[in-house]
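Below you'll find the structure, written out as structure tokens, and then a few comments.
These numbers come from a predicted model, not from an experiment. Numbered from 1 within each chain, the chains take letters A, B, ... in sequence-line order.
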Protein chains: 2
Amino acid sequence: MPEHEFSKYFQLFNEIGILEQLSRAMLEARLPTGLLASHFSVINHLIRVQDGRTPVELARAFQVAKTTMTHTLSGLEKHGFIEMRANPDDKRSKCVWLTDQGRAFRQNAIRGLEPDFHNLLDALSPEDIDATLPNLTKLRMFMDKARDKPS
Amino acid sequence: MPEHEFSKYFQLFNEIGILEQLSRAMLEARLPTGLLASHFSVINHLIRVQDGRTPVELARAFQVAKTTMTHTLSGLEKHGFIEMRANPDDKRSKCVWLTDQGRAFRQNAIRGLEPDFHNLLDALSPEDIDATLPNLTKLRMFMDKARDKPS
DNA sequence: TGCATATAGTACCATATCGCACTATATAGT
DNA sequence: ACTATATAGTGCGATATGGTACTATATGCA
């Protein structure tokens with residue numbers, strides 16, 4: 001692979017890394033003290049795919065260690081945003097259910113982000129996003145699929 | 001801001017977050033045990049902007065806490081990849097200098113990434129990157145500029 | 001010059017994340 | 001049914017990162 005081509009992928013991942021940091025900071029600035037992007041992401045995921053997921057399913061979805069997910073969930077439970085109930089299908093397992101407060105937490109965070117996103121209209125139009133997002137999705141799906149294969 | 005527009009920004013940052021995690025894992029798989037993406041990034045930055053930077057300059061460049069950078073640098077020093085020398089212009093301060101081993105560490109990591117990037121050709125062509133990268137750069141520069149302003 | 005304030009680096013503590021090991025339960029093969 | 005193996009969740013220890021407070025030095029201003 002020629003240097004100039006290598007460099008393009010390198011730059012792409014570099015921008016992605018910086019943007020991740022900036023966007024995480026933007027989100028966390030809108031969250032109550034003690035709550036992080038990881039907490040929001042889990043709640044948001046439970047809304048999207050329906051709650052009742054098990055901790056292991058969530059850990060896989062976010063590609064974090066099981067123990068990390070246990071820790072994140074215990075924080076969410078302490079805030080009353082989720083409830084852990086027994087899994088009727090598997091006595092080893094539990095299911096995670098959203099509470100009304102958990103749903104409200106998500107709504108408030110999203111409402112808080114709206115002015116931030118509004119500001120971004122000056123930097124990147126919705127049409128720009130339309131031109132960008134499909135490529136990122138394509139790359140993400142490929143890397144996601146490839147992640148467990150041998151190198 | 002209408003919901004479908006809000007949703008575009010939301011999806012964009014979601015993809016960015018997932019891609020950051022996947023690409024970090026890809027990089028770290030190519031690094032020697034005990035070395036993380038943060039270590040590589042600092043060495044890489046020192047190559048790009050010339051070494052001799054101070055820890056505070058590096059912390060600002062990566063937007064991490066000063067203490068985090070101290071910790072990362074101490075790891076790099078332990079591996080013999082950098083040297084910390086007194087700053088002749090400021091007795092409070094130090095300068096970070098690359099060693100030959102530090103430069104070799106970067107070269108090896110980059111060489112290791114080449115097959116990974118090669119595989120990505122199937123997912124995202126260099127032309128796709130050309131269509132994507134400028135938008136990401138635009139967004140990153142805007143957010144970077146906005147990050148210290150009041151909301 | 002002298003003093004107030006700002007900055008660089010670090011020690012210390014809190015928390016997030018991860019890997020390992022363990023228990024309880026589930027699943028597969030006989 | 002029995003046994004071997006796999007899986008779910010958690011306790012524990014290690015490390016990465018961030019915040020606070022401190023010391024030494026720099027800078028700005030009277």
Side-chain angles (χ1 to χ4, degrees), chain A residues 17-18 20-22 24-29 31-43 52-79 82-97 147-148, chain B residues 17-18 20-22 24-25 27-29 31-43 52-79 81-97 147-148:
Chain A
I18 300 171
E20 189 277 336
Q21 208 164 3
L22 291 165
R24 185 159 38 81
M26 186 174 73
L27 169 60
E28 291 184 348
L31 301 183
T33 311
L35 291 165
L36 302 173
S38 51
H39 297 114
F40 174 83
S41 301
V42 169
I43 297 290
R53 299 308 103 201
T54 70
V56 158
E57 280 175 321
L58 295 170
R60 286 207 192 101
F62 289 100
Q63 293 184 66
V64 298
K66 289 187 299 179
T67 49
T68 302
M69 189 50 65
T70 300
H71 183 77
T72 303
L73 292 174
S74 83
L76 289 171
E77 202 174 16
K78 207 169 296 171
H79 279 84
I82 57 165
E83 280 175 21
M84 308 279 280
R85 302 187 204 143
N87 184 342
D89 299 335
D90 187 335
K91 289 183 183 170
R92 295 169 302 180
S93 180
K94 301 177 176 179
C95 296
V96 184
W97 298 93
R147 89 179 116 116
D148 289 325
Chain B
I18 299 171
E20 190 277 336
Q21 207 166 4
L22 291 165
R24 185 159 39 78
L27 169 60
E28 290 183 349
L31 300 183
T33 312
L35 292 163
L36 301 174
S38 52
H39 298 114
F40 174 83
S41 302
V42 168
I43 297 290
R53 300 306 102 201
T54 70
V56 158
E57 280 175 321
L58 295 171
R60 286 207 193 101
F62 290 99
Q63 292 184 65
V64 298
K66 289 187 299 180
T67 50
T68 302
M69 188 50 66
T70 299
H71 183 76
T72 303
L73 291 173
S74 83
L76 288 171
E77 201 174 16
K78 205 169 298 171
H79 279 85
F81 295 164
I82 57 166
E83 281 175 20
M84 308 279 280
R85 301 188 205 144
N87 184 342
D89 300 333
D90 187 336
K91 288 184 183 170
R92 296 169 302 181
S93 181
K94 301 178 176 177
C95 296
V96 184
W97 298 92
R147 88 179 117 117
D148 290 325

- Query: Could you give the CD-to-P distance, from A:Glu28 to C:dT15, as a whole number of Å?
  - Reply: 15 Å

- Whom does C:dT30 pair with, Watson-Crick or G-U wobble, provided both distances fall under 3.5 Å? D:dA1

- Tell me, with the steps shown, if B:Arg60 and B:Val56 meet side-chain contact (heavy atoms from CB on, under 4.5 Å). CA-CA 6 Å; B:Arg60 286 207 193 101; B:Val56 158; 3.5 Å; yes

- Which heavy atom of B:Pro55 sits nearest a heavy atom of B:Met84, and at what distance? CG-CE, 4.0 Å

- Note on the structure: Residues A:Thr54 and A:Ser93: closest non-hydrogen pair is CG2-OG, 3.5 Å

- Task: Write down the distance between CD (A:Gln63) and P (C:dG19), rounded to a whole number of angstrom.
- Result: 12 Å

- Let me see the working for A:Leu35 and A:His79 under side-chain contact (heavy atoms from CB on, under 4.5 Å), right down to the final yes or no. CA-CA 9 Å; A:Leu35 291 165; A:His79 279 84; 3.8 Å; yes

- Query: Where the side chain of A:Val56 is defined as all heavy atoms beyond and including C-beta, which of D:dG9, C:dG9, C:dT17 is the nearest nucleotide?
  - Reply: D:dG9

- Message: Could you check whether any side-chain N or O of A:Glu28 sits under 3.5 Å from a backbone N or O of A:Ala37, counting only pairs where one atom can act as donor and the other as acceptor?
- Response: yes

- Send over the distance from A:Leu35 CG to C:dT15 C1', rounded to a whole Å. 13 Å

- Message: Please list, in numerical order, the residues of residues 82-91 of chain A that have a heavy atom closer than 4.0 Å to any atom of DNA chain C.
- Response: A:Asp90, A:Lys91

- Task: Show the numbers, then the answer: is there a side-chain contact (heavy atoms from CB on, under 4.5 Å) between A:Leu76 and A:Val96?
- Result: CA-CA 10 Å; A:Leu76 289 171; A:Val96 184; over 6 Å; no

- Task: Specify the residue among A:Thr67 and A:Gly34 whose closest nucleotide of DNA chain C lies further upstream toward the 5′ end.
- Result: A:Gly34

- Any idea which of C:dG19, D:dA8, D:dA16 is nearest the B:His71 side chain? D:dA16

- Message: Closest approach to the side chain of B:Val64, judged atom by atom: which nucleotide of D:dG18, D:dA16, D:dG9 is it?
- Response: D:dG18

- Taking NZ from B:Lys94 and C1' from D:dT23, how many angstroms apart are they, rounded to a whole number? 13 Å

- Hey, does B:Ser93 reach any base, or is it just sugar-phosphate, or nothing, if we go heavy atoms under 4.0 Å? sugar-phosphate

- Task: Starting from the 5' end of DNA chain D, give me the residue, A:Glu57 or A:Arg24, whose nearest nucleotide shows up first.
- Result: A:Glu57

- Query: Would you say A:Gln21's side chain and B:Phe62's backbone share a donor-acceptor pair under 3.5 angstrom?
  - Reply: yes

- May I ask you to verify if any side-chain N or O of B:Thr70 is less than 4.0 angstrom from the OP1 or OP2 atom of C:dT10? yes

- For atom CZ of A:Arg92 and atom C1' of C:dA26, their distance in whole Å: 4 Å

- Query: Could you give the CG-to-P distance, from A:Leu36 to C:dA16, as a whole number of Å?
  - Reply: 6 Å

- Query: Out of D:dT17, D:dT10, C:dT10, which nucleotide sits closest to the side chain of B:Thr68?
  - Reply: D:dT17

- Item | Separation of C:dC18 P from A:Leu73 CG (nearest whole Å) | 13 Å

- Note on the structure: To the nearest angstrom, the NE2-P distance between A:His79 and C:dT15 comes to 12 Å

- 5'-most by nearest nucleotide on DNA chain D - B:Lys66 or B:Met69: B:Met69

- A:Leu58 to A:Leu73 - nearest heavy-atom pair and separation: CD1-CD2, 4.0 Å

